[in-house]
Every structure is written in C-alpha cells, then in structure tokens.
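The structure appears below as structure tokens.
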Amino acid sequence: MKSVYVVLCILGTALPYYFFAPFVLDHGLNLSLLVQQVFATPGSSFFAADVIVSSVALWAFIAYERRKRPVQLWWLCIIANLAVGVSLALPLFLLLRHQASSAE
C-alpha cells in the first residue's frame with residue numbers, strides 16, 4: 001500500500017502543478033487574478049467549492065485521526081494542502097498514518 005500512496009503523492013503534485021505552472025509563468029503569483037479565473041464559470045466554481053470543502057474535511061479527518069493514534073509529521077499534510085492541494089495532502093496523510101500503524 002505504501003507504494004500506492006507514494007505514486008498518488010507524486011501524481012497529486014505533478015498534475016496540479018502541470019496546469020498551475022503556465023499561469024505563474026504568464027502572470028506571476030497574482031492571487032486576485034487566480035481567484036477570478038477559478039470562479040469565472042459555474043463549472044470551475046463547482047470544482048473550486050469541492051476542493052475547498054474537501055480541504056476542510058481533510059483537516060477535520062487529520063485532527064480526528066491524530067486523537068486515535070499519533071501520526072508523526074502530520075503537519076506536513078497541512079502545508080502540502082496549502083501549497084499543492086488535497087491531491088497531495090490526502091495521500092501523504094494516508095502514507096504517514098500507514099507508517100505509524102506499521103510501526104506499532
């Protein structure tokens with residue numbers, strides 16, 4: 001299972017940045033333009049809202065799981081969520097949780 005999580009972390013980083021890199025190259029880190037483009041259409045707003053809710057749900061899941069058992073480096077998942085998104089943060093947390101349960 002560990003290798004699946006690692007592959008998902010790689011894909012979860014590479015695919016979003018494949019689309020984000022051209023934006024940054026063209027516009028820099030213009031966050032107001034990014035938000036404007038993300039919410040430009042009902043379809044893109046749907047996906048943005050889904051990602052925002054998924055991020056909040058992931059943070060709640062991390063908090064809940066940490067109460068059940070210690071997961072080292074859990075805070076990296078919060079940073080990953082903010083820097084990349086749920087596509088990296090979720091498989092990273094599942095990997096860290098898997099490693100914590102394997103160590104027991």
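Heavy-atom basis, side chains included; hydrogens, waters and symmetry copies ignored.
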Determine, using the 4.5 Å side-chain heavy-atom cutoff (strictly less than), whether [X] and [Y] are members of one ILVMFWY cluster.
X     : Y     : result
Val4  : Leu15 : no
Leu73 : Val71 : yes
Phe20 : Leu11 : no
Val86 : Phe47 : no
Leu95 : Ile79 : yes

Between [atom1] of [X] and [atom2] of [Y], what distance do you get to the nearest 0.5 Å?
X     : Y     : atom1 : atom2 : answer
Arg66 : Phe93 : CZ    : CZ    : 8.5 Å
Trp74 : Trp59 : CH2   : CH2   : 9.5 Å
Leu34 : Gln37 : CG    : CD    : 7.0 Å
Glu65 : Leu58 : CD    : CG    : 10.5 Å
Gln99 : Gln72 : CD    : CD    : 9.5 Å
Leu96 : Cys77 : CG    : SG    : 5.0 Å

Taking all atoms of both residues into account, what is the closest heavy-atom pair of [X] and [Y], and its distance?
X     : Y     : answer
Met1  : His98 : CB-CE1, 4.2 Å
Leu88 : Pro91 : O-CD, 3.3 Å
Ile52 : Phe39 : CD1-CZ, 4.1 Å
Tyr17 : Pro22 : O-CD, 4.4 Å
Ser87 : Pro16 : OG-CG, 3.3 Å

Legend entry - Reference residue Ile10; test side chain to side chain contact (heavy atoms under 4.5 Å, CB included); the match among Val6, Val7, Thr13: Val6
Legend entry - Heavy-atom check, side chain of Leu92 versus side chain of Tyr5, under 4.5 Å: no
Inset, instruction - Decide if the gap between the ring center of Phe61 and the ring center of Tyr64 is smaller than 6.0 angstrom. - result: no
Legend entry - Side-chain donor or acceptor of Ser44 paired with backbone N/O of Val38 under 3.5 Å: yes
